[in-house]
Amino acid sequence: MTAHRQPALLATDPELASLVTAEETLQAQTLRLIPSENYVSAAVLEASGTVLQNKYSEGYPGRRYYEGQQNIDRVEALAVERAKGLFGVEHANVQPYSGSPANLAVYLAFARPGDTVMGMALPMGGHLTHGWGVSATGSWFRGVQYGVRAEDGLIDYDAVRDLALAERPKILFCGGTALPRTIDFEAFASIAKEAGSVLVADVAHIAGLIAGGAHPSPVPYADVVSTTTHKTLRGPRGAMLMCKEEHAKAIDKAVFPGLQGGPHNQTTAGIALALHEAAQPAFTSYAHAVVANAKALAAALLERGFDLVSGGTDNHLILMDLTSRGVPGKVAAKALDRAGIVVNYNTVPFDPRKPFDPSGIRIGTPSLTSRGLSADHMPAVADWISRAVDAAAKADEPALAKIRSEVADLLAAFPAPGLPVA
Ligand SMILES: *Cc1c(COP(=O)(O)O)cnc(C)c1O
């Protein structure tokens, strides 16, 4: 038997230790297709679980409210320098606790409560924090929302422009959580300029693709770039705000002292490490492989008769409308889970069903690509999905169990980064 990976945790709290071990097994044996998830490297796990956790460091490198920051200042400066180098930005703030607080800081920097802000509607693929009603951003600000065209599932830039010129939002968000197509940052920038809006490119999902050159960068066009660090960028759970020098002060002040207290230094170290990894040639290959796998998977799904929103994908993500298969998204997602394939149910644009019981599922290739699966494996993945959705329609549990064992068999040959090898 190999040594336990968290010996102190096991000795102190066996109940919790067993849950962590169970999660390691689950992540090892299931095909994880949630597009916002990934496997971080063992090095990221190590970097983000250190005694840096013990430090309070309100302020910024060289300008702290606490003494004893000799090492912390260098860690944060390293993360900032690496972010600037990797994305080619003038300024980076690596302190936001996660993507949602990063976006809140943007509101604090550029708008006042009641101001009009504009983003993509949540059910069209936008994020809650882009002014959607149930979010603080939609209740404290006046959110106006754009969507995609019914005919082709693509953003109608003329409609976005018309709305922006009519509403003159303080902030215009582009980016989202369920957008399978390339975002035209240049088009958004010209609309924002005409409307007098601050353009925020929220690249939480695609930051790793941008870093690896597999998606155009918003940096030449957006006033602010907001991103999480834990999705395709493959770092610890956290976020960054990047901007031109002219907005640096406003952004920094908004994050601290505007919104947050002490930065999570252990996470900052993990971000520094992830940015280092993302600057290596292997990460460029990774980013391109994520997209190649998504395109191969989309093609294989289309061959099996699935409806894909916008007809396919340009990035890491596929949004499937299951209406024609006669299975609601939630029923399919739960059946896929029993089959060892982890996805999330999702609204599709113009969904006639409710958000908690929508018509679609959302899948993506960041995690399976981190395990080394290639385009050659995507027909098999599409087959499993197709069989599982059919089995869901017939409540055929033995069929789901069979898929689960086939999935585990394939994955055993592709150990995941950061996990114990079985
Ligand atoms: C994931 C995501 C966020 C929020 O990030 P959290 O870390 O979950 O708060 C914000 N915007 C977009 C576009 C996202 O995809």
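Counting starts at 1 for both ligands and their atoms, following the listed order.
- Within the structure, the closest approach of Gly175 to ligand 1 does not fall below 4.0 Å when heavy atoms are considered.
- In the vicinity of His205, heavy-atom distances shorter than 4.0 Å reach the ligand 1 atoms 15 (O).
- A ring-ring contact (aromatic ring centres under 6.0 Å, His included) with Tyr157 holds for exactly one of Phe185, Phe188, Tyr146; it is Phe188.
- Taking every non-hydrogen atom of Gly99 and a distance limit under 4.0 Å, the qualifying atoms of ligand 1 come out as 4 (C), 5 (O), 6 (P), 7 (O), 9 (O).
- Between Lys84 and Glu90, none of the side-chain N atoms (NZ, or NE/NH1/NH2) sits under 4.0 Å from a carboxylate O, so this pair counts as no salt bridge.
- Remark: Asp314 engages Arg181 in a salt bridge, criterion side-chain N to carboxylate O under 4.0 Å.
- No side-chain donor from either of Ser100 and Ser98 sits under 3.5 Å from a side-chain acceptor of the other.
- Using cut-offs of 30° and 60° on the angle between ring planes, the pair Tyr345 and Phe356 is perpendicular.
- Figure legend: cation-pi geometry between Arg32 and Tyr39, with NZ or CZ positioned under 6.0 Å from the six-membered ring centre and within 45° of its axis.
- Here is the list of ligand 1 atoms found below 4.0 Å of a heavy atom in Ser100: 4 (C), 5 (O), 6 (P), 9 (O).
- Ion pairing between a basic and an acidic side chain is recognised when a charged N comes within 4.0 Å of a carboxylate O; Asp252 and Lys249 show no such pairing.
- Nearest protein neighbour of atom 4 (C) of ligand 1, counting heavy atoms only, is His127 NE2, 3.4 Å.
- Not a single N or O atom of Pro101, backbone or side chain, sits closer than 3.5 Å to an N or O atom of ligand 1.
- Centroid-to-centroid, the aromatic rings of His91 and His247 stay 6.0 Å apart or farther.
- Residue-level proximity to ligand 1 for Arg237 is absent, since no heavy atom of it falls below 4.0 angstrom.
- Looking at Lys231 next to ligand 1, an N or O pair under 3.5 Å apart turns up.
- With respect to atom 12 (C) of ligand 1, the closest heavy atom belonging to the protein is Asp202 OD2, 3.3 Å.
- Geometrically, Arg325 engages Phe306 in a cation-pi contact defined by less than 6.0 Å to the ring centre and at most 45° from the axis.
- Between Thr228 and ligand 1, no pair of N/O atoms sits closer than 3.5 Å.
- Remark: minimum distance from atom 7 (O) of ligand 1 to any protein heavy atom is reached at Ser98 OG, 2.4 Å.
- Counting heavy atoms under 4.0 Å from ligand 1, residue Ala204 touches it through the side chain alone.
- For ligand 1, the atoms sitting less than 4.0 Å from at least one non-hydrogen atom of His230 are 7 (O), numbered in the order shown with element in parentheses.
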